Visitor: 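One structure coming up, written as structure tokens, with questions to follow.
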Amino acid sequence: MPLQDFSKHRLLAPGPVPLSEKVRQSLSAPMIHHRTPEFEAILQSCWKNLQWMFQTTQPVLILPTTGSGGMEAVMTNTLSPGDSVLVVVSGKFGERWKKMAEVYGLNAESFDSPWGKKLDLAGFEKKLQSKAYSAVFTQVCETSTATLHPIQEMAALHRRHQKGLFIVDAITAIGCTPLPMEEWGLDGVVAGSQKAFALPTGLAFVALSEKAWKANSHSGIPKFYLDLKKEREANEKGQTHFSSSVTLVRALSVALQEFQEMGLDSLLKLIHKRAQATREGLTAMGLKIYSESPSPSVTAVEVPSALDGAKLRAHIESQYRITLMGGQDHLKGKILRFGHMGNISPDDILASLEALGLACRDFGLQDMSDEKIQSALERAGKILK
Ligand SMILES: *Cc1c(COP(=O)(O)O)cnc(C)c1O
């Protein structure tokens, strides 16, 4: 006898995520032109509030592309072909940095951190001592394994041993976990609209440190559309380099206003609480959390070995109407990922836990008793209060 309501669809992916009512309303407002005082005021408020989210005094640029476009822009705007770079590879998105670096003719080495494991800081330090890199690239949260990296410590080690840039993909980190760009000395930070910003896909947000802007002035990789210097110069005149994504930027201003009203600390606490409730609920069901260093933005749980994770995921979606994500590559069918960002309610989280428990039973997992499901819901419910 299900306890939760499974009649409405619930989106619990690590991006895209459910939007707020106000954001959805703003998305249907009549179109305005991007070169108007009305739109310029919206842009100005977004730029200011993004600096607040990134905790930087440097400009945060809004690019009409997805998160990966933001990653690419940071790379192409700070480096030259042949530059030596180090890429932390701990999952699919680390691999993306690496492939991108190869495409642009960088001399890319990996620091391989086993998927789902705690990053080995001593090993990372050794690598940083081995030679000079023009830049080091990493994820803050490797979304594919739901693993959070110790960025503050990594940035401090980088500063001790390297003169180049320390660049982070913070696409599932900004708005989820503390990441004060200036205080921690990050040289490039990338975020994307469909994750913690709780907007549709289609915008990337990018900030460079003073050092990274200096590197920009002599970076030799060709660029045309995603030229950050041109974008910045246009912003200084209250405009964007090319046509603005009016609808998305207007929705961004609404989302940022909501975050402002809530406060950054409260936003981070809320996400943290959702992650904690999910983890404790899963553990109470006798399941194992996949990552040794779990992220607040997304949780990966190991699928019981008797079950096929891909079938389980599809069944949860069709039978219980909850969208979770599976694993990729060698994790395909082995993990399920629960997103904690965006406009999700305590009920969504409880429903996702119960659905997983019931689905395990639907596939014949005898271990998954009523008591276990009940205790998961109680544990999670207490945390979510
Ligand atoms: C989602 C995500 C991306 C990719 O963003 P797109 O918007 O799909 O281009 C990159 N890095 C991380 C860590 C992500 O979670």
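We count ligands from 1, going down the list as the structure has it; atoms in each ligand are counted the same way. The structure displayed is predicted, hence computed values, not measured ones.
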Visitor: Considering only protein heavy atoms, which is closest to atom 3 (C) of ligand 1, and at what distance to one decimal place?
Guide: F93 CE2, 3.3 Å
Visitor: Taking distance alone, with N or O pairs closer than 3.5 Å, would you say T201 contacts ligand 1?
Guide: no
Visitor: Taking only heavy atoms of R96, which atoms of ligand 1 are found under 4.0 Å from at least one of them?
Guide: 4 (C)
Visitor: At less than 4.0 angstrom from any non-hydrogen atom of T66, what atoms of ligand 1 do you find?
Guide: 6 (P), 7 (O), 9 (O)
Visitor: Below 4.0 angstrom from a heavy atom of S68, which ligand 1 atoms are there? Numbered from 1 as shown, please.
Guide: 4 (C), 5 (O), 6 (P), 9 (O)
Visitor: Quick one: does E142 get within less than 4.0 Å of ligand 1, heavy atoms only?
Guide: no
Visitor: What about G67: any of its N or O atoms under 3.5 Å from an N or O on ligand 1?
Guide: yes
Visitor: Between S90 and Q139, do the side chains contain a donor N or O and an acceptor N or O under 3.5 Å apart?
Guide: no
Visitor: Taking L226's backbone N and O only, do any of them form a donor-acceptor pair with N77's side chain (distance below 3.5 Å, no angle check)?
Guide: yes
Visitor: In the protein, what heavy atom is nearest to atom 11 (N) of ligand 1, and what distance, to one decimal place, separates them?
Guide: D169 OD2, 2.6 Å
Visitor: Any Lys/Arg nitrogen of R379 or E280 sitting under 4.0 Å from an Asp/Glu carboxylate oxygen of the other?
Guide: yes
Visitor: What I want to find out is whether K229 reaches E233 closely enough, with some N-O distance under 4.0 Å, to be called a salt bridge.
Guide: yes
Visitor: For L179, does its backbone N or O pair with a side-chain atom of W184 as donor and acceptor, under 3.5 Å?
Guide: no
Visitor: When the ring centroid of F197 is compared with that of F205, is the distance short of 6.0 Å?
Guide: yes
Visitor: Pull out every atom of ligand 1 sitting under 4.0 Å from any heavy atom of T143, numbered as shown with elements.
Guide: 12 (C), 13 (C), 14 (C), 15 (O)
Visitor: Counting N and O atoms only, with roles assigned by atom type, does the side chain of E354 sit under 3.5 Å from a partner on the main chain of L3, one being a donor and the other an acceptor?
Guide: yes
Visitor: Which residue and atom name correspond to the protein heavy atom nearest atom 1 (C) of ligand 1, and how close is it?
Guide: K195 NZ, 1.4 Å
Visitor: At less than 4.0 angstrom from any non-hydrogen atom of C141, what atoms of ligand 1 do you find?
Guide: 13 (C)
Visitor: Among side-chain atoms of S20 and N343, is any donor-acceptor pair under 3.5 angstrom?
Guide: no
Visitor: Going by the order shown, which atoms of ligand 1 are within less than 4.0 Å of some heavy atom of Q194?
Guide: 6 (P), 7 (O), 8 (O)
